[in-house]
Number of protein chains: 2
Amino acid sequence: MTSELDRIDLKMLRLLQNNGRLSNAELAQLVDVSAATCHRRTQRLFEEGYIKSVRAMIEPLKVDRGALVMVGVVLDRSTPESFGAFEKAVAKLSFVLDCNLVAGDFDYFLKIRVRDMADFNRIHGTQLIALPGVRQTRTFFVMKEVVDNAPLNF
Amino acid sequence: MTSELDRIDLKMLRLLQNNGRLSNAELAQLVDVSAATCHRRTQRLFEEGYIKSVRAMIEPLKVDRGALVMVGVVLDRSTPESFGAFEKAVAKLSFVLDCNLVAGDFDYFLKIRVRDMADFNRIHGTQLIALPGVRQTRTFFVMKEVVDNAPLNF
DNA sequence: GATGAAATCCGAGTCAC
DNA sequence: GTGACTCGGATTTCATC
């Protein structure tokens with residue numbers, strides 16, 4: 001079912017990753033195939049899951065979410081149930097952009113976006129340390145975003 | 001210039017964030033305005049920088065970038081020059097998705113996507129520790145992606 | 001299997017109001 | 001802000017290889 005990608009497919013993926021608003025006609029020109037072929041191929045890239053979605057990237061500052069915070073989390077116990085409960089709860093928190101189970105000094109790393117530091121402190125005190133099984137958290141305030149969500153290179 | 005957003009603009013931003021492929025006609029229906037109005041508003045959201053871009057989200061596994069790694073970096077010296085040199089160099093590394101200057105035990109946190117652990121180890125040895133001013137790095141392999149790049153909530 | 005040309009249809013973009 | 005109009009692109013059909 002999921003067949004291989006040729007160089008045209010790869011080029012389309014890269015172009016769409018950088019500009020999801022490209023019209024089918026434009027894309028067709030850029031990869032040098034007919035509009036019909038381009039349309040069919042694009043559909044396939046969606047159907048077969050190469051493109052998960054197309055999203056507008058919102059400027060955080062413009063919608064009052066200028067503060068970025070990384071949080072390392074250590075759980076009480078390392079049982080499957082603990083991890084499951086934590087993950088289920090964290091997935092519901094709308095301010096959590098990333099949550100990754102990692103190997104090392106922490107169990108999880110969270111990437112969080114909120115209005116400001118005061119907002120984070122409130123959330124930390126009420127929602128983060130209240131997550132199931134949390135033993136301790138370590139907060140890393142982001143002072144400067146050097147690279148944010150760069151496109152995937154492949 | 002950058003005027004306020006009303007509830008219609010906010011709704012449009014949220015809808016476009018979740019589905020950047022929405023046609024103007026569809027979006028107009030969803031927010032209950034005419035197509036012409038919707039078109040003008042969308043243009044404004046782009047022009048005034050509320051929407052930075054629209055991007056296709058590629059499935060990393062499908063393009064052989066299944067390994068995610070968080071790396072904490074400590075620099076030798078904390079001078080503006082050190083930071084500048086590091087940031088300039090790191091911005092050129094295509095496998096770096098995020099790079100943030102943080103307050104705490106590390107100077108920077110990197111989010112990196114590569115093919116696999118072997119690939120990371122090679123890159124770590126040749127490209128990461130070779131970055132200007134790096135004293136030490138701490139690697140956190142991601143064992144499970146619980147939440148990845150969730151849409152911004154506002 | 002794939003493609004591209006042509007035909008149809010519908011939405012983008014612009015106008016007057 | 002809306003409604004109408006035009007034009008171009010999206011989508012389908014079909015012949016072809």
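Every chain is numbered from 1, with letters handed out A, B, ... down the list of sequences.
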Rounded distance (Å) that lies between atom [atom2] of [N] and atom [atom1] of [X]:
X	N	atom1	atom2	answer
B:Gln43	C:dG13	CD	P	7 Å
A:Arg40	C:dG4	CZ	P	8 Å
A:Leu27	D:dG9	CG	P	14 Å
A:Phe46	D:dT11	CZ	P	11 Å

I want to check one thing: is the phosphate of D:dT2, taken as OP1 and OP2, less than 4.0 Å away from some side-chain N or O of B:Thr37?
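Looking at the OP1 and OP2 atoms of D:dT2, one of them is under 4.0 Å from a side-chain N or O of B:Thr37.
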
Are any of B:Arg41's side-chain N or O atoms less than 4.0 Å away from OP1 or OP2 of D:dG1?
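So the side chain of B:Arg41 is within the cut-off, an N or O lying under 4.0 Å from OP1 or OP2 of D:dG1.
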
Cation over ring, B:Arg21 on A:Phe46, under 6.0 Å and within 45°?
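Yes.
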
B:Arg138 to B:Phe106 six-membered ring, cation-pi geometry met (6.0 Å, 45°)
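Not flagged: B:Arg138 not positioned over aromatic ring of B:Phe106.
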
Are [X] and [Y] within salt-bridge range, i.e. N to O under 4.0 Å?
X	Y	result
A:Lys144	B:Glu87	yes
B:Arg41	B:Glu47	no
A:Arg44	A:Asp9	yes

Parallel, tilted or perpendicular: which one describes the rings of A:Phe109 and B:Phe109, with boundaries at 30° and 60°?
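A:Phe109 and B:Phe109: perpendicular rings.
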
Which residues in residues 6-21 of chain B have a heavy atom closer than 4.0 Å to any atom of DNA chain C?
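Result for residues 6-21 of chain B: none.
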
Would a line drawn from the ring center of B:Phe120 to the ring center of B:Phe141 be shorter than 6.0 Å?
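Yes: the rings meet the under 6.0 Å criterion.
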
Each nucleotide N or O in nucleotides 9-12 of chain C that has a protein N or O under 3.5 Å away: list the pair and distance.
residue, atom, partner, partner atom, Å
C:dA12, OP1, B:Asn24, N, 2.2
C:dA12, OP1, B:Ala25, N, 3.4
C:dA12, OP2, B:Ala25, N, 3.0

Just checking, any donor-acceptor pair under 3.5 angstrom between side chains of A:Asn149 and B:Asp98?
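Looking only at side-chain atoms, B:Asp98 and A:Asn149 do not form any donor-acceptor pair under 3.5 Å.
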
